[in-house]
Amino acid sequence: AAVWNRPLTLVEIKSLALGVDLSTRAYRPGNIAAAPTAWWKLNEVSSGSGAVSRMDSAGSHNLTDNNTVGSGTGFIDAVGADFEFSNSEYLATPDSPDWNLGNQDFSIALWTKFEDVTDGFNRAWIGQRTDGNNMWSLEYQTSFDRVSFRQAVGGVFNIEVGGTFL
C-alpha cells in the first residue's frame with residue numbers, strides 16, 4: 001500500500017502496475033515525480049505466532065503488528081501479509097500529520113486478494129480514526145459488494161463514494 005499527499009496523473013497511475021523493480025524490490029518512480037509519503041511492501045516473513053514489524057520503505061511510518069498477522073503467497077514478492085479477519089488482525093502506525101488528508105488532493109494505491117467476503121463484515125484497507133466522529137477509510141463493503149472511500153468530520157459523512165468491486 002502507498003499514500004501520496006497529492007493526486008497522481010493518469011500516466012503515473014498507469015505506471016503503478018510496474019512500479020516495483022522486480023530485481024531489487026525497490027520503489028521505481030517511473031513517471032511518478034515524487035516518492036510516496038508512505039509505502040509498505042508487507043513482504044516481511046511471519047509465521048503468525050508472534051508480532052512482526054512491517055517497514056515503511058519510503059519514510060518512517062513503520063507498522064505495528066496487532067494479533068500476529070501472518071504471511072502468505074505474495075503477488076510481487078514471494079511473501080505477502082496474510083490477514084485473518086476472524087483473529088481481528090491488523091497493522092497500525094502512530095498518528096501523523098501525513099494522515100490528515102483534509103480537503104487536499106491525495107492518492108492511495110494497493111493490491112489485495114480476499115479469501116472470503118461472505119460474512120457481511122466490511123474490510124478497511126487503510127484509514128485514520130481520530131475518534132468516533134472524525135475518520136477516513138478506504139474499504140470494501142461486503143453488503144454492497146463495492147469499494148468505498150468515506151470521510152466523516154464532526155460525525156457527518158461529507159465524502160462517501162463507492163463503486164462495484166471488479
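No experiment lies behind these values; they were computed from the predicted model shown. Residues take their numbers from the sequence shown, with the count starting at 1. Just the heavy atoms: all of them, side chains too, but no hydrogens, waters or symmetry mates, feed the values below.
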To the nearest 0.5 Å, tell me how far Asn62 CG sits from Met55 CE.
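One finds 3.5 Å between CG of Asn62 and CE of Met55.
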Please tabulate, for the side chains in residues 129-136, all donor-acceptor contacts under 3.5 angstrom to protein atoms that are two or more places apart in sequence or on a different chain.
from, atom 1, to, atom 2, distance (Å)
Asp131, OD1, Asn133, N, 2.7
Asp131, OD1, Asn134, N, 3.0
Asp131, OD1, Asn134, ND2, 3.0
Asp131, OD2, Asn134, ND2, 3.3
Asn134, OD1, Gly154, N, 2.7
Trp136, NE1, Trp99, O, 2.8

Indicate yes or no for a side-chain donor-acceptor contact from [X] to the backbone of [Y] under 3.5 Å, with no hydrogens or angles considered.
X     : Y     : value
Asp65 : Ala51 : no
Thr64 : Thr93 : no
Asn43 : Gly80 : no
Ser46 : Val69 : yes
Asp56 : His61 : yes

Going by the rule ring-ring contact (aromatic ring centres under 6.0 Å, His included), which residues pair with Phe106 if we only count those two or more places apart in sequence or in a different chain?
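In terms of ring-ring contact (aromatic ring centres under 6.0 Å, His included), with neighbours along the sequence ignored, Phe106 is linked to Phe149.
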Please identify each residue that fulfils side-chain hydrogen bond (donor to acceptor under 3.5 Å, both in side chains) with Thr73, with sequence neighbours left out.
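By the side-chain hydrogen bond (donor to acceptor under 3.5 Å, both in side chains) rule, Thr73 matches no residue at all.
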So which atom in Asp105 and which in Pro7 form the shortest heavy-atom distance, rounded to 0.1 Å?
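Scanning both residues completely, I find the closest heavy atoms to be CB-CD, 3.0 Å.
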Between Asp145 and Tyr140, a side-chain donor and acceptor under 3.5 Å:
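Their side chains do contain a donor-acceptor pair, which is all the 3.5 Å distance test asks for.
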Which residues pass the salt bridge (charged side-chain N to carboxylate O under 4.0 Å, His left out) test with Arg150, sequence neighbours left out?
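Once residues adjacent in sequence are excluded, the partners of Arg150 under the salt bridge (charged side-chain N to carboxylate O under 4.0 Å, His left out) criterion are Glu139, Glu160.
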Under the side-chain contact (heavy atoms from CB on, under 4.5 Å) test, which residues partner Asn5, sequence neighbours left out?
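Scan of Asn5 (side-chain contact (heavy atoms from CB on, under 4.5 Å), adjacent residues dropped) gives Thr37, Gln104.
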I'd like a table of donor-acceptor pairs (distance under 3.5 Å, sequence neighbours excluded) in which one partner is a side-chain atom from residues 82-89, with atom names and distances.
from, atom 1, to, atom 2, distance (Å)
Asn87, ND2, Glu89, OE2, 3.2
Glu89, OE1, Glu84, N, 2.7

